[in-house]
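Worksheet: one structure, shown below.
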Amino acid sequence: MDVDVAVLGGGPGGYTAAIRAAQLGASVACIEKETELGGTCLRVGCIPTKAWVQTAHFLHQAKDSYGKLGVVVGEPQLDFGAANEWKDGVVKQMTSGVASLFKANGVEWVKGSGAFRDANTIAVEGGEDVTFKSAIIATGSFPLRPPIDGLDSPRCVDSTGLLAQNDVPRRLVVLGGGIIGAEFASIFNRFGSEVTIVEMLDRLIPQEDEDAAKELAKQFGRRNITLHLGKQCTKVDDSGSELTVHFGEGETVQADLMLVSVGRGPTVEGIGLDQIGVEFDRRKGIAADEHRRTTVPHVYAVGDCAGYWQLAHTAFREGEVAAENACGHDAVVDNRAVPRPIYTDPEIAGVGLTEAEAREQYGDDVAVGQFPWVANARAVMQNETVGWVKSIHETRYGELLGLVMVGPHVTDLIEAGVVALDAESTVETVADGMAAHPTLSEAVKEAGLVALGRAIHLPNRKRAPARA
Ligand SMILES: Cc1cc2nc3c(=O)[nH]c(=O)nc-3n(C[C@H](O)[C@H](O)[C@H](O)COP(=O)(O)OP(=O)(O)OC[C@H]3O[C@@H](n4cnc5c(N)ncnc54)[C@H](O)[C@@H]3O)c2cc1C
């Protein structure tokens, strides 16, 4: 098969690139080895985990809020079989949606595992070779496994293994307190497991704003999720009926299942990169510039195999940009306003700089305002008052530098910050704009007002400036 653009991998980066290139008039083949399109995100990542997050959220609401709000439904219980059916149904709907989009856009799905044979050919195992003018590599990532004695036990699973469970483990140990580990800890705690997190660093979600990480640790503590921070796992013993996880200075914890979530590595081996001279690093992935161009000019790379972020939405955008460039346009990826959603309970979301990063870059010329959900009417009526919204700006021109949020629906609300940062808005744009009342979005405006010292729905710590 001969095409204008060949895409290797059908996940968020690859399928977006394929669709966009086809929209621009290119003939496109997308090579995907799994039986469904959608990659990690749709099959074993974002989509199934968030289906479980929804089950966990409803369970919690039914237990802790329905009665208070006057809705009587009896004692809620988890039907894990039904939750899994729901999760699998959502995955099926989303993955078959991508297949329909391929058909609608005329993208050819070549089923099989591909590897570059030369700079204009991808050989497909068990399928037809694809020759191309440009190629976009989107092979994604795989879960890392640290060299810890005993971690090869079948009771030590990665995120894909945990998503395939048919029973809720009575005791779950989560190795790694990053985003994926924290999300699963939150879900399984709501599902009734005794959850313990063992994390080498002295905090959870290390890339996020420190206050957000502290808030999460506080809320996890209240929910009886046991945290062992700053402790390294040294060994795992499987007795045949349970695990003993060794960590720190001779400490142990018993478990029925262990999630190993210590990070993901880029899929760069076995795809013929050496063959065509594309530069890559086994840890950092494929080197690509802001046009997503690799060291071989007609070959592009997007998503987890070539990026810092390892997020579906960065892969989406990179896929669009690579496709446009492969079709003769001049597009670049702008990473200033990448939203950072974390679907724990409470949810966390950030965009732009964290407070520490802002202080590091702007010194004393930084102002921060934090608005708690307890002062927001909609959050109060929803019985969801944990957390806050934090607005961060620099004080010379008032440019908004970042927003960090912990609390209800913040993974949706963060989009306001994405648009504001993309538009290089000042804090006044956010603080002086109107937010519909009563909504959660008012907290974003109010955080800006707090930062300016003129909050209305919260006592001000500092005097409001004379300017109106
Ligand atoms: C548990 C979990 C939860 C997550 N939750 C979120 C979330 O909520 N939000 C978010 O933004 N991100 C989330 N992510 C991250 C997100 O899934 C990834 O960032 C995203 O899938 C990356 O897209 P990609 O296209 O680069 O790679 P992938 O989605 O990994 O797709 C790569 C595709 O390439 C195929 N492939 C690889 N090699 C070959 C080959 N040689 N031949 C043919 N096909 C090949 C693979 O089969 C795969 O389908 C989560 C990840 C995990 C593991």
Let me check something: any side-chain donor-acceptor pairs from residues 397-419 under 3.5 Å, sequence neighbours excluded? List them with distances.
| residue | atom | partner | partner atom | Å |
| --- | --- | --- | --- | --- |
| Thr411 | OG1 | Glu347 | OE1 | 2.8 |

Ile179 CD1 to Gln310 CD distance, which is reported to the nearest 0.5 Å: 9.5 Å
Distance-minimising heavy-atom pair for Ala185 and Ile197: CB-CD1, 3.6 Å
Lys50 vs Glu183, salt bridge (charged side-chain N to carboxylate O under 4.0 Å, His left out): CA-CA, chis, key distance, verdict: CA-CA 9 Å; Lys50 271 82 242 184; Glu183 287 185 357; 2.7 Å; yes
Non-neighbouring partners of Phe247 that pass ring-ring contact (aromatic ring centres under 6.0 Å, His included), sequence neighbours left out: His228
Side chain proximity check, Glu210 to Thr354, heavy atoms < 4.5 angstrom: no
Reported CD1-to-CD1 distance for the pair Ile205 and Ile342, which is rounded to 0.5 angstrom: 4.0 Å
Interatomic spacing from CD in Glu355 to OG in Ser391 - rounded to 0.5 Å: 10.5 Å
From CG (Asp209) to CD1 (Ile392), nearest 0.5 Å: 5.5 Å
Donor-acceptor contact below 3.5 Å, side chain Ser193 vs main chain Val195: no
Test side-chain contact (heavy atoms from CB on, under 4.5 Å) applied to Tyr343 and Thr49, step by step: CA-CA 9 Å; Tyr343 301 80; Thr49 50; over 6 Å; no
Which atom of Pro154 lies closest to which atom of Asp238, heavy atoms considered: CD-OD2, 4.3 Å
Check: Arg20 side chain, Ala323 main-chain N or O, donor-acceptor pair, under 3.5 Å: no
Donor-acceptor under 3.5 Å (Thr139 side chain, Thr267 main chain): yes
Return a table of donor-acceptor pairs under 3.5 angstrom between the side chains of residues 420-427 and protein atoms on other chains or two or more places apart.
| residue | atom | partner | partner atom | Å |
| --- | --- | --- | --- | --- |
| Glu424 | OE2 | Arg336 | NH1 | 2.8 |
| Ser425 | OG | Ala420 | O | 2.9 |
| Thr426 | OG1 | Glu428 | N | 3.4 |
| Thr426 | OG1 | Thr429 | N | 3.4 |
| Thr426 | OG1 | Thr429 | OG1 | 3.2 |

Partners passing ring-ring contact (aromatic ring centres under 6.0 Å, His included) against Phe188 (at least two apart in sequence or in another chain): Trp52, Phe191
Trp309 side, atom CH2; Arg340 side, atom CZ - distance, nearest 0.5 Å: 6.5 Å
Note, Pro266 side chain near Ile286 side chain (heavy atom, < 4.5 Å): no
Derivation of the side-chain contact (heavy atoms from CB on, under 4.5 Å) call for Thr294 and Phe280: CA-CA 9 Å; Thr294 69; Phe280 69 97; over 6 Å; no
Side chain Thr55, main chain Ala83, donor-acceptor under 3.5 Å: no
Polar side-chain atom of Asp158 near backbone of Val260 as donor-acceptor pair, under 3.5 Å: no
side-chain contact (heavy atoms from CB on, under 4.5 Å) partners for Arg283, two or more places apart: Asp281
Sub-4.5 Å side-chain heavy-atom contact between Val368 and Lys390: yes
Within 6.0 angstrom of Glu360 CD, more than 12 heavy atoms from elsewhere: no
Between Asp345 and Ser186, a side-chain donor and acceptor under 3.5 Å: no
Sequence neighbours excluded, every pair satisfying salt bridge (Lys or Arg N to Asp or Glu O under 4.0 Å) that has a member inside residues 28-49: Glu34-Arg43
Expected output: side-chain Thr196 to main-chain Thr226 donor-acceptor under 3.5 Å: no
Flag, side chain of Arg155 to backbone of Gly240, donor-acceptor distance under 3.5 Å: yes
side-chain hydrogen bond (donor to acceptor under 3.5 Å, both in side chains) partners of residues 251-262, not counting sequence neighbours, each pair once: Arg171-Asp256, Lys231-Glu251, Thr244-Gln254
Donor-acceptor pair, side chain of Arg145 and main chain of Leu151, under 3.5 angstrom: yes
Minimum heavy-atom distance Val107-Ala18, with the two atoms named: CG2-O, 3.6 Å
N/O donor-acceptor pair under 3.5 Å between Gln165 side chain and Gly161 backbone: yes
Distance in Å, Lys214 NZ paired with Gln219 CD, rounded so as to fall on 0.5 Å steps: 14.5 Å
Min side-chain heavy-atom separation Phe220-Thr344 under 4.5 Å: yes
Backbone of Leu311 reached by a side-chain donor or acceptor of Thr314 within 3.5 Å: yes
Nearest atoms (heavy-atom pairs only) where Leu243 meets Cys156: CD1-SG, 4.2 Å
Step-by-step side-chain contact (heavy atoms from CB on, under 4.5 Å) determination, Arg292 to Asn325: CA-CA 8 Å; Arg292 306 313 304 169; Asn325 292 325; 5.7 Å; no
Criterion side-chain contact (heavy atoms from CB on, under 4.5 Å) on Cys233 and Met258, from CA distance to verdict: CA-CA 12 Å; Cys233 175; Met258 179 170 181; 4.2 Å; yes
Show me the donor-acceptor pairs within less than 3.5 Å that the side chains of residues 86-93 make with the rest of the protein, sequence neighbours left out.
| residue | atom | partner | partner atom | Å |
| --- | --- | --- | --- | --- |
| Lys87 | NZ | Leu163 | O | 3.0 |

Any side-chain heavy-atom pair of Arg223 and Arg190 under 4.5 Å: yes
Over 12 foreign heavy atoms within 6.0 Å of CD, Glu290: yes
Inter- and intrachain pairs under side-chain hydrogen bond (donor to acceptor under 3.5 Å, both in side chains), touching residues 98-124, at least two apart: Arg117-Asp129, Asp118-Thr121
Side-chain heavy atoms of Glu215 within contact of Val386, under 4.5 Å: yes
side-chain contact (heavy atoms from CB on, under 4.5 Å) against Lys445, all qualifying residues, sequence neighbours excluded: Ala435, Leu449
Closest non-hydrogen atom pair between Ala182 and Leu216, with its separation: CB-CD2, 4.2 Å
Residue list, side chain to side chain donor-acceptor pair (under 3.5 Å) with Tyr15, at least two apart or on another chain: none
Exercise: identify the closest heavy-atom pair between Leu229 and Leu204: CD2-CD2, 3.9 Å
Side chain to side chain, Ile19 and Cys30, heavy atoms closer than 4.5 Å: no
Test item: Glu384 and His57 side chains (from C-beta on) under 4.5 Å apart, heavy atoms: yes
Side chain to side chain donor-acceptor pair (under 3.5 Å) involving His291 - partner list, sequence neighbours excluded: Asp330
